[in-house]
Protein chains: 2
Amino acid sequence: MARPRTTPRTVEHPELSEVTLQQALEALADPVRRMVVCQLARAGGEKGCGTFETPVSDSTLTHHFTVLREAGVIRQHYRGTTKLNSLRTAEMEARFPGLLPAVVTAAEAEA
Amino acid sequence: MARPRTTPRTVEHPELSEVTLQQALEALADPVRRMVVCQLARAGGEKGCGTFETPVSDSTLTHHFTVLREAGVIRQHYRGTTKLNSLRTAEMEARFPGLLPAVVTAAEAEA
DNA sequence: TTCATAGTACGACCGCCATCGAACCTTCAG
DNA sequence: CTGAAGGTTCGATGGCGGTCGTACTATGAA
């Protein structure tokens, strides 16, 4: 039977109501993670993990994606071997009004 | 002559243009510093160093004030033996539009 | 002048987090 | 089945930052 030999890869996402301001700020306070967020914002949609420009190794990047995901900033899901990332823009806006736009805008302006 | 025996105590403040987003976010990402900022926002004006409610020692609090000042978030000046603190609200708004209000609002809402 | 109050400077400590490389898992193409 | 590409997991490491206590300085009051 054409069935996966193991469980398909899924990703856990927190409800934004479970995310603290502390988590969100810590997530956004790292320069590499801000690069990721800005590149996502610029892309406007989904973006594969391997398509980001950062100065760190793959394993470190995995760590940063995890932090962003657990902070509710990004959503991730698999398509084949590729993992796609997108911003949880609307949910973040509902939870922390103005925060994400302020950070992205400031980051873009600085670059 | 009624003159101070040593130089009067002054405090250095950065121009907001010299402050990076990194500094601002790091400053705001610490829970104790956010307490300070929120209590200042609530006070609406100046507030002596000793009038803040925090779980840390005086010397640690001094450290946090320094970080906030160097991040351009607060302004400090002496009056007698008291050091007064206030938010650089307008300048922060010009440099990082929306950031400080977003953080303060979220912090108030969480508390 | 002396004392009390307000805050600072300094040094030490400790824990956390960003980072890496190596080994591994999952999926798709041949 | 086999290989290769895309990510992950794991353990180790290193540095930075939050914390404290103690000693100190500055100011104003008695």
CD of Glu12(A) versus P of dT8(D): gap in Å, rounded?
15 Å
From CZ of Arg79(B) across to P of dG28(D) the rounded distance in Å is 11 Å
Check each of Glu12(A), His64(A), Gln76(A) against Arg69(A) using the side chain to side chain donor-acceptor pair (under 3.5 Å) test, and report the only one that passes.
Gln76(A)
Is the backbone of [Y] close enough, under 3.5 Å, to the side chain of [X] for a donor and an acceptor to pair up by distance?
| X | Y | value |
| --- | --- | --- |
| Arg79(B) | Gly48(B) | no |
| Arg9(B) | His77(B) | no |
| Glu70(B) | Pro14(B) | no |
| Thr105(A) | Pro101(A) | yes |

How does each nucleotide of nucleotides 4-14 of chain C score, in 5' to 3' order, for protein heavy atoms under 4.0 Å: base (B), sugar-phosphate only (S), or none (-)?
--SSBB-----
Not counting sequence neighbours, list each pair that qualifies as a salt bridge (charged side-chain N to carboxylate O under 4.0 Å, His left out) and has a residue in residues 91-111 of chain A.
Arg42(A)-Glu108(A), Arg75(A)-Glu91(A), Arg88(A)-Glu91(A), Arg95(A)-Glu110(B), Glu110(A)-Arg95(B)
Centre of Phe52(A)'s six-membered ring, under 6.0 Å away, within 45 degrees of the axis: is that where NZ or CZ of Lys47(A) sits?
yes
Have Ser59(A) and Thr62(A) got a donor and an acceptor in their side chains that come within less than 3.5 Å?
no
OP1, OP2 of dT19(C) versus side-chain N and O of Thr60(A): anything below 4.0 Å?
no
May I ask you to list the residues of residues 18-36 of chain A, by number, that have any heavy atom positioned under 4.0 Å from an atom of DNA chain D?
none
